[in-house]
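Read the structure below first, then the notes.
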Amino acid sequence: MIWRTVFGVTRHCSRPQCSAEAAVTLTYSYGTAQAWLDVLSAQREPHLYDLCDRHAERLSVPAGWELVDRRRPVMHWRMAG
Ligand SMILES: [Zn+2]
């Protein structure tokens, strides 16, 4: 998995009873009633939730919330030099 290579760590889905490898970071903003799905965040922060692909696809947000998927299908890495 590319995230393991890039970040040097393996994180797991934060859902109970799920031991799948995390692939997505979920961020909430209660103030604006929005939730974002991003490629796995490099840093682990209290308001970020790691999810596996399966749970990310199943994710639903409360009524009135907007769910924004900011993931890109392919990640491009610029080679140094
Ligand atoms: Zn999961």
Side-chain angles (χ1 to χ4, degrees):
M1 300 293 280
I2 192 164
W3 5 90
R4 182 184 294 160
T5 304
V6 172
F7 301 129
V9 295
T10 299
R11 299 213 305 262
H12 292 96
C13 181
S14 59
R15 290 295 167 100
Q17 300 175 350
C18 181
S19 60
E21 195 168 319
V24 178
T25 293
L26 172 67
T27 310
Y28 281 113
S29 172
Y30 288 99
T32 58
Q34 286 177 301
W36 298 277
L37 292 174
D38 290 292
V39 293
L40 194 64
S41 163
Q43 293 184 323
R44 181 143 209 176
E45 298 179 35
H47 62 286
L48 302 181
Y49 298 89
D50 295 339
L51 295 176
C52 65
D53 276 324
R54 189 167 60 92
H55 278 119
E57 296 308 321
R58 288 182 177 188
L59 182 72
S60 61
V61 296
W65 279 60
E66 181 185 10
L67 178 62
V68 182
D69 191 340
R70 295 190 296 197
R71 292 175 294 170
R72 298 192 180 109
V74 179
M75 298 177 74
H76 296 284
W77 301 98
R78 194 169 296 167
M79 302 301 286

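Given the structure is predicted, the values throughout are model-derived calculations rather than measurements. In each ligand, atom 1 is the first atom listed, and ligand 1 is the first ligand listed. Numbers for residues simply follow the sequence, beginning at 1.
In this structure, the side chains of Leu67 and Leu37 come closer than 4.5 Å at one or more pairs of heavy atoms.
Remark: the backbone N or O of Asp50 is paired with a side-chain donor or acceptor of Ser14 at under 3.5 angstrom.
Shown are the protein N/O/S atoms under 2.8 Å from the Zn ion (ligand 1), given by residue and atom: Cys13 SG, Cys18 SG, Cys52 SG, His55 ND1.
Using a 4.0 Å cut-off between charged nitrogen and carboxylate oxygen, Arg71 and Glu57 count as a salt-bridge pair.
Residue pairs that meet the salt bridge (charged side-chain N to carboxylate O under 4.0 Å, His left out) test with at least one member in residues 28-38, sequence neighbours left out, are Asp38-Arg70.
A search for side-chain contact (heavy atoms from CB on, under 4.5 Å) contacts involving Ser29 returns Thr32, Trp36, not counting sequence neighbours. In this structure Glu66 satisfies the salt bridge (charged side-chain N to carboxylate O under 4.0 Å, His left out) test with no other residue, sequence neighbours excluded.
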